[in-house]
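Following: one structure in structure tokens, then a few remarks.
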Amino acid sequence: MIYRGRFAPSPTGPLHFGSLVSALASWLDARAHRGVWLVRIEDIDGPRTVPGAAEDILATLEGFGMRADEPPVWQSRRLARYEQALEQLESAGAIYPCGCTRKEIADSLLHAHARNTTLAYPGTCRDGLHGKPARAWRLRVPDGDAAVITFEDRWQGTQTQNLATEVGDFVLERADGQWAYQLAVVVDDADAGITHIVRGADLMDSTARQIYLQRRLGVPTPEYLHVPVVTNEQGDKLSKQTGATALDTDRPLEALSAATRHLGLDLPPGTAQKTLEGFYAAATAAWAARMGVRV
Ligand code: GLU
């Protein structure tokens, strides 16, 4: 089998324990399948991108013994591809310009909430801009049964989302001219020939949107596996905002062993005292056993 996996960090700060867990899970799955592992820097969210963070993440991964099999892909260098994909969707009549401001959407959702109906974008601009200037581009999601997307998650089991009632027509190009994560991730994974996506469960909610977008663009749907997110003592997802600290790059084996425990892997005693190579050999075998990977 041809296996191509990836780790796709957003360079909003140094690698922390939560992102190490995602990196390690994607690495182990690729190794267990004797596949290729790639890194993509998701640096198109201007305000959130921290200068130097991408280089720092790449150096930390390397220091931890996870080296990508091909040069890293930078989203900021691929803007023309996102434009092409948007044009393809426009020719197919799959998208429409939206003139709603954040406030207008929030107000209509507030009313919907009061009426106890859907919190999805209400489709105000579906049939025209009503004299408002175009701000963003939205992908039209289907109604009825076609709106229900179901996929099998290798860790979490069967997942179902109704795009019409739970999401609504979603943004591909934002009002500030930035490309939405949903579009960039689908175009990039397709162009890189990614067959298996392993990432944190905080992204589970985006997967149905991405699968629908893959279908509209005519690209294959990869296999998905979402690992449990790491939370702090208050139960918030670990991130720079919730106080995650940078990893101690002098002691990679300590952090890596803690990450394998988070993933529920049983490693032979003494594995954490081994070399990085010894650690990865044991961890890959444990992952293959837990996930039922056979090559
Ligand atoms: N860049 C995203 C993040 O760091 C991950 C995207 C993905 O794995 O699909 O949350």
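Computed from a prediction, not measured in an experiment: that's the story for all the values here. Counting convention: from 1, in listed order, for ligands and their atoms alike.
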Could you list each N/O atom of ligand 1 together with any protein N/O atom closer than 3.5 Å, one pair per line with the distance?
{"residue": "ligand 1", "atom": "1 (N)", "partner": "A8", "partner atom": "O", "Å": "2.7"}
{"residue": "ligand 1", "atom": "1 (N)", "partner": "S10", "partner atom": "OG", "Å": "2.8"}
{"residue": "ligand 1", "atom": "1 (N)", "partner": "E42", "partner atom": "OE1", "Å": "2.5"}
{"residue": "ligand 1", "atom": "4 (O)", "partner": "S10", "partner atom": "N", "Å": "3.4"}
{"residue": "ligand 1", "atom": "4 (O)", "partner": "S10", "partner atom": "OG", "Å": "3.3"}
{"residue": "ligand 1", "atom": "8 (O)", "partner": "R6", "partner atom": "NH1", "Å": "2.6"}
{"residue": "ligand 1", "atom": "9 (O)", "partner": "R6", "partner atom": "NH2", "Å": "2.9"}
{"residue": "ligand 1", "atom": "9 (O)", "partner": "Y181", "partner atom": "OH", "Å": "2.9"}
{"residue": "ligand 1", "atom": "9 (O)", "partner": "R199", "partner atom": "NH1", "Å": "2.8"}

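In the hydrophobic clustering of ILVMFWY residues, with side-chain heavy atoms under 4.5 Å counting as a link, L20 and V229 come out apart.
Listed by first then second residue, pairs satisfying ring-ring contact (aromatic ring centres under 6.0 Å, His included) with a partner in residues 40-65 number zero, not counting sequence neighbours.
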Pairs of donor and acceptor atoms involving the side chains of residues 22-31, under 3.5 Å and at least two apart or interchain, shall be tabulated with distances.
{"residue": "S26", "atom": "OG", "partner": "S22", "partner atom": "O", "Å": "3.3"}
{"residue": "S26", "atom": "OG", "partner": "A23", "partner atom": "O", "Å": "2.9"}
{"residue": "S26", "atom": "OG", "partner": "W37", "partner atom": "NE1", "Å": "2.9"}
{"residue": "D29", "atom": "OD1", "partner": "R154", "partner atom": "NH2", "Å": "2.9"}
{"residue": "D29", "atom": "OD1", "partner": "W287", "partner atom": "NE1", "Å": "2.9"}
{"residue": "D29", "atom": "OD2", "partner": "Y3", "partner atom": "OH", "Å": "2.6"}
{"residue": "D29", "atom": "OD2", "partner": "R154", "partner atom": "NH1", "Å": "2.8"}
{"residue": "R31", "atom": "NH1", "partner": "G35", "partner atom": "O", "Å": "3.4"}

Please list, one pair per line, the donor and acceptor atoms closer than 3.5 Å that link side chains of residues 172-179 to other protein atoms, with sequence neighbours excluded.
{"residue": "R174", "atom": "NE", "partner": "D176", "partner atom": "OD1", "Å": "3.4"}
{"residue": "R174", "atom": "NH2", "partner": "D176", "partner atom": "OD2", "Å": "3.0"}
{"residue": "D176", "atom": "OD1", "partner": "Q178", "partner atom": "N", "Å": "3.0"}
{"residue": "Q178", "atom": "OE1", "partner": "G46", "partner atom": "N", "Å": "3.3"}

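Atoms CD and CD1, from Q88 and I95 in turn, are 10.5 Å apart once rounded to the nearest 0.5 Å.
Side chains of D43 and T49: a donor-acceptor N/O pair is absent below 3.5 angstrom, by distance only.
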